[in-house]
> 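Take a look at the following structure, please.
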Amino acid sequence: METQNEESPKKILNFIEAFVEQDLREGKNGGRIQTRFPPEPNGYLHIGHAKAICLDFGVARDYEGVCNLRFDDTNPVKEDVEYVDSIKEDIQWLGYSWKNIYYASDYFQQLWDLAIELIKQGKAYVDEQSAEEIAKQKGTPTVPGTESPYRNRPIAENLAFFLKMNSGEVTEGSMVLRAKIDMASSNMHFRDPLMYRVITSHPHHRTGNTWKAYPMYDYAHGQSDYFEGVTHSLCTLEFEVHRPLYDWFIDQFKASAYRPRQIEFNRLNLTYTVMSKRKMLQLVQEGLVSGWDDPRMPTICGLRRRGYSPASIHSFIEKIGYTKFEAQNDIGLLEYAVREDLNKKATRVNAVLNPVKLIVTNYPKDKVEMMETVNNPEDETAGIREIPFARELYIEREDFMEDAPKKFFRMTPGQEVRLKSAYIVKCTGCKKNSEGNIEEIYCEYDALTKSGLPESSRKVKGTLHWVSAAHAVQAEVRLYDRLFSVENPSADPRDFRELLNPNSLTILTNCYVEPSLVEAKQLQQFQFQRIGYFNVDLNSNPDKLVFNRTVSLKDSWAKEQNKA
RNA sequence: UGUCUUAUGGUGUAAUGGUAGCACUGCAGUUUCUGGAUCUGCCUGUCUAAGUUCGAAUCUUAGUAAGACAACCA
């Protein structure tokens, strides 16, 4: 009775989950677990964000805690509601739901009040120097900074100026509020970090023109965590140096033993991809891709349009893990993950991308047979459907060779092949035009080898997919490949735009797909038999079918040929 | 000539002082009405050097290499 648990292997914890369990064992925060996903609404989410989302929401789920969505909207210059909606959509598509939605801007008043408190304690001051002067005084990582001439002005003066920073009397850039810490600290972030700056040029997307002084990240982020009761504040490695300051601010205000714990993990770097918001924006603005949801983009919406499933993204993220090592993740693993998922789920259909006519010369001219075919051999519950077979078919041009090498198992004169779910046929020849291009291929079928009949179990080396010429529907198929031609575009000295793969998109307009696909819905995923996984594009409609290649099938024949 | 962080097969990730394992890739084979999938096998690894210990991928020290930090961005 008690034996079940002994059988189940213990889940391998990553270092963050191990910390969380340790905190739980030690009884911290009364056993409460709370995380947050804190995007800035200034761009679209990409697969790197998905990694963070899976951790933030996953930890909350696994330890019966809560995860909130909080928009870190402290910089009205860059932010917009447009992004808020897409961020929500992408998180939900990944399968997560937040407990609450918060905005850092909800805390502007609280943050303001605490800043005043800090000024009163003599721990913050208004600096009237220019950005350049302040930067100069910061020193360098190896040279200590120097103190601002305004550092020791009277508290009353600081209070008065701070009020002016928010009243509209002060022009943008002329005053900032700084925490008074240590200009000689070996941690640059302790050299009197900026807490507030004045922004009058852009209204805030939620608070409008109410505020003129806006809090900076280091102050606002940590305090927001604290206000919300976050127990584990998970972020990427570049914030490691910020952690002492994160702790410092919270220590100035905390009222009990509770303090959120920041833990940093490694960012997701994908080979043959750029992940920086700036570079992605450039690709979009310069028309080098069709938009944020271009199927070649590593954005969540791009992956969705490309045909990636949420399950495949979860599986990929689980495989790469969370560590403190700055990894280069192989995009091949992402492709493996989507093949693995779609192999189990996608209906197999027939589509001929590069068609050539095949005529079954001994098949009656007007006859049409409906052939039964299984929807998915990996899933018995997927059922069967019927596809029309007739005398004139289309097959792939690459599936025929007039003079074939020994290992070529496809259509070649004198050789038998199986037409999937139909008959075994023997190639009898072909017709070429004056330029030597093949126009038609001929074969004869053996009526006894219809699929399901005893004679159909005859061994033939090759099986081809096909569509009936009279019944097939013309379609556009877009073949995608990796966006960049070098493994690590960010490490390359050349401009990243010079590194784009010129063959990342191939549009085929003369493809033929089986008639059942007219019914296909947008984003629906299929396996085009023997070719790859494809989905229905967002712009597809029954009058003009458009398919996107998610990923090709593994092709050991192509590999064999490349060896030669 | 600072502070912090990291280093395990080609790639990613386990092993928490006690047999270096898993996944992807690659290679070979099996099987197949998808040259897919499946199944099997194989190749390849603890950055270096000292130290502690019966025993070190793990702890210590020193080196080496890589990354983060000098935005009125987050």
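Below, read A as the first sequence line, B as the second, and so on, with proteins coming before strands; counting in each chain starts at 1.
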> Any base atoms under 4.0 Å from A:Asn42, or only sugar-phosphate, or nothing? Heavy atoms, all strands.
nothing
> Touch check for A:Phe408, heavy atoms < 4.0 angstrom, all strands: base, sugar-phosphate only, or nothing?
base
> Measure from the side-chain heavy atoms of A:Met216 and tell me the nearest of B:C33, B:A37, B:C72.
B:C72
> Nearest of B:U34, B:G35, B:C72 to any side-chain atom of A:Arg410?
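It is B:G35.
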> Which part of the nucleic acid does A:Arg339 contact within heavy-atom distance under 4.0 Å: base, sugar-phosphate only, or nothing?
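Here A:Arg339 touches no strand at all.
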> Between the base of B:G36 and the side chain of A:Glu378, is there a donor and acceptor pair under 3.5 angstrom?
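Under the 3.5 Å cut-off, the side chain and the base do form a donor-acceptor pair.
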> May I ask you to check whether A:Glu172 and A:Ser201 show a side-chain donor-acceptor distance below 3.5 Å?
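There is such a pair between these side chains.
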> Select base, sugar-phosphate, or nothing to describe what A:Ser556 touches, counting heavy atoms under 4.0 Å on all strands.
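Here A:Ser556 touches the backbone only, sparing every base.
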> Kindly point out which of B:C24, B:C33, B:A71 is positioned nearest to the side chain of A:Arg418?
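The listed nucleotide nearest to A:Arg418's side chain is B:C33.
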> NA contact type, A:Gly43, heavy-atom cut-off 4.0 Å: base, sugar-phosphate, or nothing?
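A:Gly43: no heavy atom of the nucleic acid under 4.0 Å.
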> Please confirm whether the shortest side-chain N or O distance from A:Asn187 to OP1 or OP2 of B:A68 is below 4.0 Å.
no
> Scan A:Lys420 against the nucleic acid and name what it touches under 4.0 Å (heavy atoms): base, sugar-phosphate only, or nothing.
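Here A:Lys420 touches the bases of the nucleic acid.
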> Please tell me if A:Ser456 has a side-chain N or O lying less than 4.0 Å from either OP1 or OP2 of B:C33.
no
> Using 30° and 60° as the class limits, which term best fits the ring planes of A:Phe162 and A:Trp112: parallel, tilted or perpendicular?
parallel
> If only atom types and distance count, is the side chain of A:Glu416 paired as donor or acceptor with the main-chain N or O of A:Met411 below 3.5 Å?
no
> Indicate the ring-plane relationship of A:Phe15 and A:Phe19, choosing parallel, tilted or perpendicular according to the 30° and 60° boundaries.
perpendicular
> Using Watson-Crick or G-U wobble geometry with both distances under 3.5 Å, which nucleotide pairs with B:A74?
none
> When you get a sec, tell me which of B:A23, B:A37, B:U13 is the closest nucleotide to the side chain of A:Lys319?
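Taking heavy atoms from C-beta onward, the closest nucleotide is B:A23.
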> A:Thr463 side chain: which of B:C33, B:G36, B:U5 is closest?
B:C33
> How are the rings of A:Trp248 and A:Phe190 set relative to one another: parallel (under 30°), tilted (30 to 60°) or perpendicular (over 60°)?
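It falls in the perpendicular class, over 60°.
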> Using a 4.0 Å heavy-atom cut-off, does A:Gln529 contact any base of the nucleic acid, only the sugar-phosphate backbone, or nothing at all?
base
> Please determine, for the side chain of A:Ala327, which listed nucleotide (B:G36, B:G12, B:A14) has the closest atom?
B:G12
> Can you find a side-chain donor-acceptor pair between A:Glu444 and A:Tyr423 that sits under 3.5 Å?
no
> Return the pairing partner of B:C54 with a 3.5 Å limit on both distances, Watson-Crick or G-U wobble; otherwise return none.
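Answer to the pairing question: B:G18, which forms a Watson-Crick or G-U pair with B:C54.
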> With a 4.0 Å cut-off on heavy atoms, is A:Thr74 in touch with a base, just the backbone sugar-phosphate, or nothing at all?
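Contact class for A:Thr74: sugar-phosphate only.
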> Should the ring pair A:Tyr394 and A:Tyr512 be called parallel, tilted or perpendicular, given that the plane angle runs from 0 to 90° and is split at 30 and 60?
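A:Tyr394 and A:Tyr512: parallel rings.
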> Tell me whether the ring of A:Phe325 lies stacked over the B:A7 base, given a 5.5 Å limit on centroids and a 30° limit on the plane angle.
no
> May I ask you to say what A:Pro377 touches in the nucleic acid, namely base, sugar-phosphate or nothing, with a heavy-atom cut-off under 4.0 Å?
base
> Looking at the side chain of A:Ser186, which of B:A74, B:A70, B:U3 is the nearest nucleotide?
B:U3
> Give a yes/no on whether any side-chain N or O of A:Tyr336 is located under 4.0 angstrom from OP1 or OP2 of B:C24.
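So the side-chain polar atoms of A:Tyr336 do come within 4.0 Å of the phosphate oxygens OP1 or OP2 of B:C24, strictly under.
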> Give one of base, sugar-phosphate or nothing for A:Glu398, where a contact means two heavy atoms less than 4.0 Å apart.
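Nothing, no nucleic acid heavy atom in range.
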> Just compare B:U25, B:A70, B:C33 and give me whichever is closest to any side-chain atom of A:Ser451.
B:C33
> Considering heavy-atom distances to RNA chain B, does A:Met188 or A:Tyr533 have its closest nucleotide positioned more toward the 5' end?
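This one resolves to A:Tyr533.
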> Side chain of A:Val241: nearest nucleotide among B:C72, B:A68, B:C24?
B:A68
> Over 60° means perpendicular and under 30° means parallel, so tell me whether A:His242 and A:His189 are parallel, tilted or perpendicular.
tilted
> Tell me whether the side-chain N/O atoms of A:Lys554 come closer than 4.0 Å to OP1 or OP2 in B:A37.
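The answer is yes; a side-chain N or O of A:Lys554 sits under 4.0 Å from OP1 or OP2.
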> Between B:C33 and A:Lys459, is there an OP1 or OP2 to side-chain N/O distance shorter than 4.0 Å?
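Indeed, a polar side-chain atom of A:Lys459 lies that close.
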> So what does A:Ser457 touch, heavy atoms closer than 4.0 Å: a base, only the sugar-phosphate, or nothing?
nothing
> Under 4.0 Å between any heavy atoms, over every strand shown, what does A:Leu237 touch: base, sugar-phosphate, or nothing? Just pick one.
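Nothing, no nucleic acid heavy atom in range.
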> Report the residue (A:Gly462 or A:Pro215) whose heavy-atom-nearest nucleotide on RNA chain B is the more 5′ of the two.
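Nearest-nucleotide comparison on RNA chain B picks A:Gly462.
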> Could you check whether the side chain of A:Glu264 and the base of B:U5 have a donor-acceptor pair of N or O atoms closer than 3.5 Å, going by distance alone?
no
> Below the 4.0 Å mark, does B:C33 have OP1 or OP2 next to a side-chain nitrogen or oxygen of A:Arg530?
no
> Can you identify which nucleotide, out of B:U25, B:A14, B:A74, has its nearest atom closest to the A:Phe239 side chain?
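Among B:U25, B:A14, B:A74, the one nearest the side chain of A:Phe239 is B:A74.
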> Is there a donor N/O on one and an acceptor N/O on the other, under 3.5 Å, for the side chain of A:His242 and the base of B:A68?
no
> According to a strict under-4.0 Å criterion, is A:Lys559 in side-chain N/O contact with OP1 or OP2 of B:G26?
yes
> Applying a 4.0 Å non-hydrogen cut-off, can you work out what A:Lys461 is touching in the nucleic acid: base, sugar-phosphate, or nothing?
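Nothing: the residue A:Lys461, judged by heavy atoms under 4.0 Å, touches no strand.
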